[in-house]
Amino acid sequence: MNEFECELVDLHLLNNVDFTHYDKVVIGASIRYGHLNKKFYQFINTNLDALKAANVAFFLVNLTARKEDQGKDTPEGSVYMQTFLKKSAWKPDLLAVFAGALRYPQYRFFDRFMIQLIMRMTGGETDTTKEVEYTNWKKVSIFAESIKKM
Ligand SMILES: Cc1cc2nc3c(=O)[nH]c(=O)nc-3n(C[C@H](O)[C@H](O)[C@H](O)COP(=O)(O)O)c2cc1C
């Protein structure tokens, strides 16, 4: 049985959200070449007051977070999350960092080459015929449980 009604929206496709329509909001964003999308920071600035007033959790996805033994999957240990918290005027109450998927066959030539280089340097998968999901779904479930209590 579904406990919640959920609406999924792509932030690229809208500028303003009426946060008062929702009990809880969860925003997820991924890292590409070391950064979050600039448009995401623009979205934060445009919606700052609403974000501050609403119940919003934030999660970040990247491949560095696969290194759980180094704490890269935690808000404190993730350089990307720490940079976000410095740059963003909005400081979410609930944060999470998850490892994403490595999908070589879906990347453009340049991205495939660059990501393979990064993987070689950081001891990850270098076989470009492969797709690897590094996501720790147990951690995602725990995050989902804390959203319920938010
Ligand atoms: C072009 C590209 C650049 C990426 N750059 C980084 C990076 O700098 N650091 C990192 O940890 N992960 C990086 N990743 C991994 C992504 O953050 C991860 O695969 C995520 O799941 C991608 O989600 P998205 O396709 O929704 O953006 C990169 C992925 C792509 C496709």
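We count ligands from 1, going down the list as the structure has it; atoms in each ligand are counted the same way. Values in this document were obtained by computation on a predicted structure and should not be read as measured data.
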Q) Minimum heavy-atom separation for Val25 to Met150, with atom names? A) O-CE, 4.2 Å
For [atom], grab the closest protein heavy atom and report residue, atom and distance to one decimal in Å.
| atom | value |
| --- | --- |
| atom 3 (C) of ligand 1 | Tyr33 N, 3.5 Å |
| atom 20 (C) of ligand 1 | Val61 CG1, 3.9 Å |
| atom 19 (O) of ligand 1 | Ala101 O, 2.7 Å |
| atom 9 (N) of ligand 1 | Tyr80 OH, 2.8 Å |
| atom 11 (O) of ligand 1 | Thr64 OG1, 2.6 Å |
| atom 31 (C) of ligand 1 | Tyr107 CE2, 3.6 Å |
| atom 12 (N) of ligand 1 | Leu63 N, 3.1 Å |

Q) Any chance CG of Asp127 has more than 12 other-residue heavy atoms, nucleotides or ligands included, within less than 6.0 Å? A) yes
Going by the atom numbers of ligand 1, which of them fall below 4.0 Å from some non-hydrogen atom of [X]?
| X | result |
| --- | --- |
| Ser30 | 22 (C), 23 (O), 24 (P), 26 (O), 27 (O) |
| Gly100 | 21 (O) |
| Gly34 | 7 (C), 8 (O) |
| Asp111 | 1 (C) |

Q. Between Ile31 and ligand 1, which part of the residue brings a heavy atom under 4.0 Å of the ligand: side chain, backbone, both or neither?
A. both
Reported [atom1]-to-[atom2] distance for the pair [X] and [Y], which is rounded to 0.5 angstrom:
| X | Y | atom1 | atom2 | answer |
| --- | --- | --- | --- | --- |
| Tyr80 | Leu60 | OH | CG | 9.5 Å |
| Leu94 | Lys149 | CG | NZ | 10.5 Å |
| Ile115 | Thr126 | CD1 | OG1 | 13.0 Å |

Q) Step by step, would you call Asp111 with Arg108 a salt bridge (Lys or Arg N to Asp or Glu O under 4.0 Å)? A) CA-CA 5 Å; Asp111 292 336; Arg108 292 176 305 171; 3.3 Å; yes
Q.
Would Arg32 count as a polar contact of ligand 1, with the cut-off being nitrogen or oxygen pairs under 3.5 Å?
A. yes
Q: Give yes or no for whether the N/O distance cutoff of 3.5 Å, strictly under, is met between Ile115 and ligand 1.
A: no
Q: Assess whether side chain to side chain contact (heavy atoms under 4.5 Å, CB included) is satisfied between Asp73 and Lys67, documenting all intermediate values.
A: CA-CA 7 Å; Asp73 61 327; Lys67 301 200 169 234; over 6 Å; no
Q: Return yes if some donor-acceptor pair links the side-chain N/O of Ser78 with the main-chain N/O of Met81 below 3.5 Å, else return no.
A: yes
(Q) Is the positively charged end of Lys87 above the ring of Tyr41, judged by distance under 6.0 angstrom from the centroid and angle within 45° of the axis? (A) yes
